[in-house]
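Owing to the predicted nature of the structure, the values given are computational and were not obtained by experimental measurement. For the numbers below, each heavy atom of this structure counts, side chains included, while hydrogens, waters and symmetry mates do not.
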Amino acid sequence: MRACRTRARSAPSTRGGGPLASPPVWSGELVVVTHRPGPFPGYLFVETRRHVASLDELTEPEVAAVARAAWVAARALRAELDPESVHSAVAGRSVAHFHQHVFVRHRGTPGELGWLDVDWPGAPRHDVTALCGRLARHFTR
């Protein structure tokens with residue numbers, strides 16, 4: 001497992017040696033939501049501001065903040081992208097900072113492709129910065 005490049009911070013783009021995920025979607029007191037880099041829409045990270053490596057180290061308020069942010073993120077992705085499905089996972093094997101993945105499987109994705117295979121002929125591509133602006137509005141409702 002790589003050492004954590006994310007520390008308690010006020011801006012989601014401050015990540016040690018450079019952005020791990022950008023651009024930002026929404027920032028709260030306890031969590032930050034960002035979009036995975038690249039032109040493939042619909043892969044978000046919900047991260048705690050406080051550095052902890054795993055789910056069991058979160059405080060009860062952090063758990064509530066993560067759960068709400070993941071729920072809003074999933075609903076926002078559904079509303080903005082109309083995917084086949086929306087999924088969520090907490091793995092924590094490669095980055096030693098708690099983060100929850102919230103991601104879509106786009107309509108028309110070939111069945112033989114895995115969860116993280118996003119580049120296929122006909123795969124949707126979007127201006128991710130503009131998408132993040134639209135997703136952000138769902139967090140203020």
Show your reasoning for whether side chain to side chain contact (heavy atoms under 4.5 Å, CB included) applies to Phe98 and Leu55. CA-CA 7 Å; Phe98 177 82; Leu55 179 63; 3.9 Å; yes
Can Val25 and Phe139 be said to form a side chain to side chain contact (heavy atoms under 4.5 Å, CB included), step by step? CA-CA 9 Å; Val25 173; Phe139 285 85; 3.9 Å; yes
Start with the C-alpha gap between Thr48 and Leu58, add the side-chain angles, then the distance that decides, and say whether side chain to side chain contact (heavy atoms under 4.5 Å, CB included) holds. CA-CA 8 Å; Thr48 55; Leu58 298 177; 3.4 Å; yes
Give the C-alpha distance, both sets of side-chain angles, the deciding distance and a yes or no for side chain to side chain contact (heavy atoms under 4.5 Å, CB included) between Leu81 and His106. CA-CA 8 Å; Leu81 297 176; His106 293 284; 4.1 Å; yes
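For His35 and Tyr43, the ring centers are positioned 6.0 Å apart or more. Taking the six-membered ring wherever Trp is involved, the centroid distance between the rings of His97 and His99 does not fall below 6.0 Å.
Under a hydrophobic clustering in which Ile, Leu, Val, Met, Phe, Trp and Tyr are joined whenever their side-chain heavy atoms come within less than 4.5 Å, directly or via other members, Trp115 and Trp120 fall into different clusters. Hydrophobic clustering keeps Val33 apart from Phe40 (ILVMFWY residues linked when any side-chain heavy atoms are closer than 4.5 Å, directly or through intermediates).
Distance check, rounded to the nearest 0.5 Å: CD of Glu29 to CD of Glu62 gives 10.0 Å. Once rounded to the nearest 0.5 Å, the distance linking CZ of Arg75 with CG of Leu77 reads 12.0 Å.
Contact detail for Ala69 and Val46: the closest heavy-atom pair is CB-CG1, 3.8 Å. Of all heavy-atom pairs between Leu44 and Ala73, the closest is CD1-CB, 3.7 Å. A pairwise comparison of heavy atoms in Pro39 and Pro41 identifies O-CD, 3.3 Å as the closest pair. Residues Gly42 and Leu131 approach most closely at N-CD2, 4.1 Å, considering heavy atoms. Heavy atoms only, all atoms of each residue included: His138 and Ala79 are closest at CE1-CB, 3.7 Å.
Partners of Asp127 according to the side chain to side chain donor-acceptor pair (under 3.5 Å) rule, which considers only residues two or more places apart in sequence or in another chain, do not exist here.
Salt-bridge check for Glu80 with Arg134: passed, with a basic side-chain N closer than 4.0 Å to an acidic carboxylate O.
In the displayed structure, Arg105 atom CZ is contacted under 6.0 Å by more than 12 heavy atoms of other residues, nucleotides or ligands. The number of heavy atoms from other shown groups lying within 6.0 Å of CD (Glu112) is above 12.
There is a side-chain donor-acceptor pair under 3.5 Å between Gln100 and Ser88.
At least one side-chain heavy atom of Pro61 sits less than 4.5 Å from a side-chain heavy atom of Leu30. When side chains are defined from C-beta on, Leu113 does not count as touching Val118, because their heavy atoms never get closer than 4.5 Å. Using a 4.5 Å heavy-atom threshold, the side chains of Val31 and Trp26 count as touching. Taking 4.5 Å as the limit, some side-chain heavy atom of Glu47 sits within range of a side-chain heavy atom of Thr34.
Arg68 places no side-chain N or O within 3.5 Å of a backbone atom of Val66 that could act as its donor or acceptor partner. Without hydrogens or angle criteria, Arg78 side chain to Pro83 main chain gives a donor-acceptor distance under 3.5 Å. Counting only distance, with no hydrogens or angles, the side chain of Arg36 and the backbone of Phe45 share no donor-acceptor pair below 3.5 Å. Between the Arg49 side chain and the Gly28 main chain, a donor and an acceptor come within less than 3.5 Å of each other.
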